[in-house]
Amino acid sequence: MLIPVKFNRSWRAYNAGEIAGFEPELASDIVSCGAAELVLSEELEQLKKSKKQVEHDSLDERRKAKINASNIAYNLQIVKVQDRLEKKKAAGMDTKEEERLTKKMESEKGNIATLIAESKNP
């Protein structure tokens, strides 16, 4: 069983503030020489919770970035279709072509909305 210690100062490859686990005899020697102190189980639990929170926050940031990218893609597609629609209208487009482009624009809205919804799910 490994015993966790937190270093007070540099010791071999470890820096002050780092936590590492050692066999009981070595952990005792490290603590005895003043290089480290024993880590209590409550401290370990707090460290684990902190690590989980950081991982969770990181995941939230990635989700937000994915949603933002989806929103940008959505806006770009809509602008492209609207631009084509306006150009065709100015050139005297027929009603069927206008309907087709309008449906395409609505379809793009649906596709992007689906991507956004999927990006919100873990």
Residues 7-17 side chain polar contacts: donor-acceptor under 3.5 Å, at least two apart:
residue	atom	partner	partner atom	Å
Arg9	NH2	Cys33	O	3.3

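Closest heavy-atom contact between Ser28 and Ser32: O-OG, 2.5 Å. For Val5 against Val39, the heavy-atom pair with the smallest separation is C-CG2, 3.5 Å.
Residues Leu2 and Glu23 have side chains in contact (heavy-atom distance under 4.5 Å, counting atoms from C-beta outward).
How far CD of Glu37 is from CD1 of Ile19: 9.5 Å, rounded to the nearest 0.5 Å.
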